[in-house]
There are 2 protein chains.
Amino acid sequence: MATQISLDDTFAALADPTRRAILARLLDGEASVAELAQPFALTVRAISKHVGVLEQAGLVTRSRAAQKHLSRIELKPLRDIDRWLDDYRKLWEDRFDRMEDLLRRGADKKE
Amino acid sequence: MATQISLDDTFAALADPTRRAILARLLDGEASVAELAQPFALTVRAISKHVGVLEQAGLVTRSRAAQKHLSRIELKPLRDIDRWLDDYRKLWEDRFDRMEDLLRRGADKKE
DNA sequence: TAGTTCTGGAACTAAATGGTTCTATAATGT
DNA sequence: ACATTATAGAACCATTTAGTTCCAGAACTA
């Protein structure tokens with residue numbers, strides 16, 4: 001029954017670059033907190049808290065295999081955001097907007 | 001030149017239900033702060049601040065026509081989120097995941 | 001049994017957030 | 001010139017957030 005996650009929580013969880021990086025890392029498969037912490041200049045505890053936030057937002061589930069609690073990415077909240085975007089997507093899929101998009105892609109090569 | 005908006009700011013701006021409601025409202029066209037404030041049990045000033053946050057996140061631009069500063073929705077940051085989702089979308093577009101999706105849609109009739 | 005590893009709880013801090021009220025300013029209507 | 005309307009700035013407050021450090025417990029390893 002998944003306790004119904006709010007868009008509020010999902011968006012808030014994604015508003016942090018560390019958490020987005022963790023999520024990206026989890027695309028490569030499950031990982032322990034220690035493993036997730038490795039690339040960052042942060043305490044393991046800090047990462048543990050970030051994973052906690054992701055878990056609260058339903059973006060991650062954990063299975064404790066021995067003392068290594070493995071984190072796994074969950075897609076449902078992301079699909080919810082995708083669906084939320086639908087109303088706006090309609091607008092930018094207009095022919096007119098598409099031209100603007102092409103122009104901007106050209107101009108935004110940086111980043 | 002639009003000062004390059006970060007995903008951080010965009011996600012943070014969208015993490016508030018009031019701000020998402022304002023954005024949805026702006027799908028129907030431009031509006032003044034006073035107009036935007038009307039549906040909410042909040043001070044006009046509070047709404048003004050919310051619009052400020054949306055503006056900072058590049059989701060809204062304003063044109064001051066007389067004393068009515070009209071807010072207008074901007075789609076670019078939303079398209080950026082859409083593109084950010086691409087990596088994850090790949091996963092849930094797998095045949096296997098699609099089955100799970102159908103099951104969940106059935107189970108999530110509530111909300 | 002004793003030591004090591006992995007993680008979460010508790011307590012703390014600094015900064016950001018969402019809200020308020022009150023005031024100032026700028027443009028419009030009379 | 002004066003009152004009205006629409007908005008932003010400033011100051012303030014309570015709550016949340018992201019981080020730290022230190023400690024405790026659970027599970028392997030020897």
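On a predicted model such as this, the values are computed, not experimentally measured, just so you know. Lettering follows sequence order; numbering is per chain, from 1. Any value given below was found using the heavy atoms of this structure, including those in side chains, with hydrogens, waters and symmetry copies removed.
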Readout for nucleotides 8-13 of chain C: B = base within 4.0 Å of protein heavy atom, S = sugar-phosphate only, - = neither; 5' to 3' it is BBBB--
Mark yes or no for whether B/Glu35, through its side chain, and B/Ser32, through its backbone, hold a donor-acceptor pair below 3.5 Å.
-> yes
Quick one: A/Leu54 CG to D/dT17 P, roughly how many Å, whole number?
-> 13 Å
Using heavy atoms and a sub-4.0 Å distance, could you list which residues of residues 16-27 of chain A are near DNA chain C? By number, please.
-> none
Interatomic distance, A/His50 NE2 vs D/dT16 P [rounded to whole Å] = 18 Å
With DNA chain D as reference, determine whether B/Val44 or A/Val53 sits nearer its 5' end, using the nearest nucleotide of each.
-> B/Val44
Where the side chain of B/Thr43 is defined as all heavy atoms beyond and including C-beta, which of C/dT20, D/dT20, D/dT7 is the nearest nucleotide?
-> C/dT20
Test item: A/Thr43 side-chain N/O and A/Ala46 main-chain N/O as donor-acceptor pair under 3.5 Å | no
Under the 3.5 angstrom rule, does the side chain of B/Tyr88 hit a backbone N or O of A/Ala24 as a donor-acceptor pair?
-> yes
Any side-chain heavy atom of A/Leu70 within less than 4.5 Å of one from A/Arg62?
-> no
Separation of atom CG in A/Asp8 from atom P in C/dT17, rounded to whole Å | 15 Å
Spacing between B/Gln38 atom CD and D/dA6 atom P, to the nearest angstrom | 12 Å
d(CD, B/Gln56; P, C/dT17) in whole Å | 10 Å
B/Glu30 atom CD is separated from D/dA6 atom C1', nearest whole Å, by 16 Å
I would like to know whether B/Arg20 and B/Asp16 meet salt bridge (charged side-chain N to carboxylate O under 4.0 Å, His left out); could you show each step before the answer?
-> CA-CA 6 Å; B/Arg20 288 200 306 280; B/Asp16 185 286; over 6 Å; no
So do the side chains of A/Leu78 and B/Leu91 get within less than 4.5 Å of each other, counting heavy atoms only?
-> no
What integer distance in Å separates B/Leu42:CG from C/dT21:P?
-> 11 Å
Do A/Arg19 side-chain atoms and A/Leu14 backbone N/O form a donor-acceptor pair below 3.5 Å?
-> no
Whole angstrom is fine here: how far is it from CG in A/Leu14 over to P in D/dA18?
-> 12 Å
Within the side chain of B/Glu93, is there an N or O that forms a donor-acceptor pair under 3.5 Å with the backbone of B/Lys90?
-> no
Anything under 30° is parallel, anything over 60° is perpendicular, the rest tilted; go ahead and classify A/Trp84 against A/Phe11.
-> perpendicular
